[in-house]
Amino acid sequence: MLIDAHTNSEAEAETMPLAPSSPKSTSADSKFITGLLATATTTMAVSACGGDGKVGSNDNASSPAANAGSTSTSNTPTSIAISNAAAARFLMQAGMGATRAEIAQVQALGYSGWIDQQMAMPASQSRWDWLRSKGMDASEFRNSQAGFDSCAWKKLINSPDSLRQRICFALSEILVVSIEGLVNGGGWKAFAAANYLDLLEANCFGNYRDLLQKISTNTAMSLYLTYRGNTKYNPATGALPDENYARELMQLFSIGLVNLNQDGSVMTQNGAPIESYGLDDITGLARVFTGWDFDLSTSNTSTPDYHRRPLRQYPNKHESGAASFLGQNIPAGISGEEALKRSLDIIFAHPNLAPFISKQLIQKLVTSNPSAAYVARVSAVFNHNGQASGLNAKGDMKAVIKAILLDDEARNLNNTQLSHFGKLREPIQRFLAWAHSFNANSPSDLWRVGDTSDAGTKLGQSPLRSPSVFNFYRPGYVPPNTSIAAASLSAPEMQMVSESSVVGYVNFMQDIIDGTRGGNDLQADYSNLLLLADNPAALVGEINLLLAAEQLSNASVQTIQNAIASIPMTTTNSERAKYQRIYAALLLVLASPEFIVLK
């Protein structure tokens, strides 16, 4: 991806026993590291404008259409030895980050073998069960969100099934629900939101059709998109069924606004895009989402248990007349359950589904601007997994995930030299890369990271706290007045970037890295880095591998090494200086453009 380092907002962008507790930082330590950061990042930004920096390169930017992806058409990676850097890069696309142990695992199993092992791994404790284990189902928590952020961060940081967590997180940004929008639901918002993430996690390696069924009968989704209690047309008052979910189910969760070719390109007629649906289709589908409400047959809303059950159909509120949408008919007189099933079957059969969802998943995992050929290859697998039986052949998420991660366009290291290739890491992913690589843990099991939505002081992003159903950013976002726009490329995650978020991210990470500041209870394992702190080159090299897959430019590496070497080591301050060097090296890598943009 192109990065214009002249613009501040665009520049933002093996498990061992726990080390001894870090020495308590002083204000002088913080000022010293902040000064190093300011000097070093300025140098790195200048080098990214040209020279040997991998991120500042503008190769082939003048012809984006001709350079939309790898020239290879193969989707099978060459069977060769996997380097440390290649394994780390794969783990950054497929999981939450890289450790020395995981790098060795990828090298031993191969890419496909690692994916198979991850998919076979049992799920860890659910978010719902964690909340209950902490007593959050007590009546005093009914009207609060207490505990949700903790259970969400615990899963993302601590779960060994990092591929499952990565896909669950990606799906949460496509099939969007936000805890802030769970109103008029009898309370228990933390449990409702936790259950929604548990649902995505439990089904992320299943079939996309089944996933559509389950989110459509989920209490959190029904509250967020306001169809819980949706009732049929009332001729006396003129009240019509709520159309919110019907609209977003088509627009965002399945087929999109315009008709697509299987390579993700837009179909046109007389030069204009062809709309995939219209107002009549929304109105017709909305009739199906009537009569659905909480299942209170075995408990009431005094406990959160009803949020764990699918919605129940209440026939007296369901629109039993015929409905039509997308050129298909739902006959009159059938049950609400059957109407829902037939409607989702119609949506699932739409030719847009495969390219619309496949391209977004590629963008979440690998690159913001995949070639048309890459999208077409993944769409073909989405439409049929290649199994002879044909059972659940379409929408097989395991097959789709493998197709994305094993495609030559994802695995070909030559693509890291292309200016248009790669993606901006979301703030959450940057934070998780640090947390995963250095085995961050919560000794208290309380995971006090909190809501990190504030862009001025924290990450500007927090799990399941999107500001709207359109996610934190749009998949086709183009930052205006940038080299990215000039090259006709998209940079979705740039929609979250601002001058405030640049500073907020760095300050937040400085507090998190230290572990004695910021009010969180995370404790990282820096024992391997302590062994390298006397040697700036070795220290920076290790962090460059684990956090950036060795993608930092030579200029950036040298700048960071010089900054680390400027921290003196004496016999009287040896331990304190080692930690200062580690904190500074981590922060400088985490703030570097080549880390923020994953190639």
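For reference, positions follow the sequence shown, starting with 1. Just so you know, these numbers use all the heavy atoms, side chains as well, and skip hydrogens, waters and symmetry mates.
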(message) Quiz question: by atom type and distance under 3.5 Å, do the side chains of Ser453 and Gln461 form a donor-acceptor pair?
(response) no
(request) Report yes if the side chains of Lys359 and Val378 come closer than 4.5 Å at any heavy-atom pair, otherwise no. (result) no
(request) Supply the atom-to-atom distance Ser112 OG to Leu405 CG, rounded to the nearest 0.5 angstrom. (result) 10.5 Å
(request) Would you name the heavy atoms of Gln551 and Val597 that are closest together and state the gap between them? (result) OE1-O, 4.1 Å
(message) To the closest 0.5 Å, what do you measure between CD1 (Ile513) and CG (Leu586)?
(response) 5.0 Å
(request) Indicate the ring-plane relationship of Trp114 and Phe90, choosing parallel, tilted or perpendicular according to the 30° and 60° boundaries. (result) perpendicular
(request) Could you tell me which residues satisfy salt bridge (Lys or Arg N to Asp or Glu O under 4.0 Å) with Lys155, sequence neighbours excluded, listed by chain and number? (result) Glu201
(message) Please tell me whether Asp161 and Gln165 have a donor and an acceptor in their side chains that are separated by less than 3.5 angstrom.
(response) yes
(message) According to side-chain hydrogen bond (donor to acceptor under 3.5 Å, both in side chains), who are the partners of Thr452, at least two apart in sequence or on a separate chain?
(response) Ser462
(message) For Glu493 and Gln429, which I'm curious about, is there any donor-acceptor pair between the side chains at under 3.5 Å?
(response) no
(request) Mind jotting down which residue pairs meet the side chain to side chain donor-acceptor pair (under 3.5 Å) criterion with at least one end in residues 529-548? Sequence neighbours excluded, please. (result) Arg100-Glu542
(request) State, with a plain yes or no, whether a side-chain heavy atom of Thr99 is found less than 4.5 Å away from one of Leu91. (result) no
(request) List for me each residue that meets side chain to side chain contact (heavy atoms under 4.5 Å, CB included) alongside Ser178, sequence neighbours excluded, and say none if there are none. (result) Glu180, Tyr224
(request) Determine whether Leu545 and Glu550 make a side-chain contact, defined as any pair of heavy atoms from C-beta on separated by less than 4.5 Å. (result) yes
(request) Return the set of residues passing side chain to side chain contact (heavy atoms under 4.5 Å, CB included) with Ser379 (not counting sequence neighbours), or none when no residue passes. (result) Gln262, Ala354, Pro355, Ser358, Val375
(request) For Arg166 and Gly95, indicate whether the former's side chain and the latter's backbone hold a donor-acceptor pair under 3.5 Å. (result) yes
(request) For Ser468, enumerate each residue passing the side chain to side chain contact (heavy atoms under 4.5 Å, CB included) test, keeping only those at least two apart in sequence or located in another chain. (result) Phe470
(message) Which residues pass the salt bridge (Lys or Arg N to Asp or Glu O under 4.0 Å) test with Lys458, not counting sequence neighbours?
(response) none
(message) Set out, in order, the CA-CA distance, both residues' side-chain angles and the distance that settles side-chain contact (heavy atoms from CB on, under 4.5 Å) for His436 and Glu102, then state yes or no.
(response) CA-CA 11 Å; His436 189 86; Glu102 288 173 324; 2.8 Å; yes
(request) Please report the shortest heavy-atom distance between Ser172 and Leu197, naming the atom on each side. (result) CB-CD2, 4.1 Å
(request) Using modelled atom types only, decide if a donor and an acceptor are shared between the side chain of Asp525 and the backbone of Asn439 within a distance under 3.5 Å. (result) no
(request) Check whether the side chains of Ser556 and Thr559 place a donor and an acceptor atom closer than 3.5 Å, and report yes or no. (result) no
(request) Answer yes or no for Arg430 and Tyr505: cation-pi contact, defined as NZ/CZ to six-membered ring centre under 6.0 Å and angle to ring axis within 45°. (result) yes
(message) Before you tell me yes or no, could you show the steps for Leu406 and Ile115 under side-chain contact (heavy atoms from CB on, under 4.5 Å), namely the whole-Å CA-CA distance, both residues' side-chain angles and the distance that decides it to 0.1 Å?
(response) CA-CA 10 Å; Leu406 299 183; Ile115 293 172; 3.9 Å; yes
(message) Any donor-acceptor pair under 3.5 Å linking the side-chain atoms of Ser368 with those of Gln363?
(response) no
(request) Look up atom CG in Leu532 and atom NZ in Lys578, then write down how far apart they are to the nearest 0.5 Å. (result) 10.0 Å
(request) Please check if the side chain of Gln107 supplies one atom and the backbone of Ile82 the other of a donor-acceptor pair under 3.5 Å. (result) yes
(request) Assert yes or no for the condition that the ring centre distance of Phe431 to Trp153 is strictly below 6.0 Å. (result) yes
(request) Using side chain to side chain contact (heavy atoms under 4.5 Å, CB included) as the criterion, list what pairs up with Gln561, not counting sequence neighbours. (result) Ala537, Val540, Val557, Gln558
(message) For the backbone of Leu446 and the side chain of Ser150, can you confirm whether one donor and one acceptor N or O come within less than 3.5 Å of each other?
(response) yes
(request) State whether the side chain of Ser501 and the backbone N or O of Ser498 hold a donor-acceptor pair below 3.5 Å, judged by distance alone. (result) yes
(request) If a pair satisfies salt bridge (charged side-chain N to carboxylate O under 4.0 Å, His left out) and one of its residues is in residues 108-125, list it, with sequence neighbours excluded. (result) Asp116-Lys402
(message) Looking at Ala533, is its backbone amide N or carbonyl O close enough to the side chain of Arg581 to form a donor-acceptor pair, meaning the two atoms are under 3.5 Å apart?
(response) yes
(request) Please step through side-chain contact (heavy atoms from CB on, under 4.5 Å) for the pair Met397 and Leu361, ending with a clear verdict. (result) CA-CA 11 Å; Met397 291 296 289; Leu361 288 173; 4.0 Å; yes
(request) Answer yes or no: is there a donor N or O on one side and an acceptor on the other, between the side chain of Ser490 and the main chain of Gly476, under 3.5 Å? (result) no
(request) Using only heavy-atom distances, determine whether the side chains of Ser124 and Ser159 contain a donor-acceptor pair under 3.5 Å. (result) yes
(message) What I'd like to find out is whether the side chain of Glu594 reaches to under 4.5 Å of the side chain of Lys599, using heavy atoms alone.
(response) no
(request) Measure the spacing between CZ of Arg425 and CG of Leu598 and express it to the nearest 0.5 Å. (result) 4.5 Å
(request) Please check if any side-chain donor atom of Arg411 sits under 3.5 Å from a side-chain acceptor atom of Gln93, or the reverse. (result) yes
(message) My understanding is that only residues two or more places apart in sequence, or in another chain, count here; which of them pass side-chain hydrogen bond (donor to acceptor under 3.5 Å, both in side chains) with Asp263?
(response) Ser265
(message) Quick check: do Val176 and Leu464 have side-chain heavy atoms less than 4.5 Å from each other?
(response) no
(request) Please test Tyr473 against Glu173 for side chain to side chain donor-acceptor pair (under 3.5 Å), starting from the C-alpha separation and ending with a verdict. (result) CA-CA 9 Å; Tyr473 54 87; Glu173 295 192 322; 3.0 Å; yes
(request) Can you sort out the partners of Lys134 under side-chain hydrogen bond (donor to acceptor under 3.5 Å, both in side chains), two or more places apart, ordered by chain and number? (result) Asp445
(message) Within the 3.5 Å criterion, strictly below it, is a donor on Asp454 or Thr457 matched to an acceptor on the partner's side chain?
(response) yes
(message) Less than 4.5 Å apart, side chain to side chain, heavy atoms only: is that true for Leu365 and Ile167?
(response) yes
(request) State, without any angle test, whether Asn369 and Thr367 hold a side-chain donor-acceptor pair at a distance under 3.5 Å. (result) no
(request) Determine whether Met496 and Pro427 make a side-chain contact, defined as any pair of heavy atoms from C-beta on separated by less than 4.5 Å. (result) yes
(message) What's the separation between atom CD1 in Ile567 and atom OH in Tyr579, rounded to the nearest 0.5 Å?
(response) 14.5 Å
(request) Output all residues satisfying side-chain hydrogen bond (donor to acceptor under 3.5 Å, both in side chains) with Ser466, sequence neighbours left out; order by chain, then residue number. (result) none
(message) Contact between Gln523 and Ser442 at the side-chain level, heavy atoms closer than 4.5 Å - yes or no?
(response) no
(message) If the test is side chain to side chain contact (heavy atoms under 4.5 Å, CB included), which one of Leu489, Asn414, Asn412, Val366 qualifies with Phe421?
(response) Val366
(message) I need the Ile401 CD1 to Arg164 CZ distance, nearest 0.5 Å.
(response) 10.0 Å
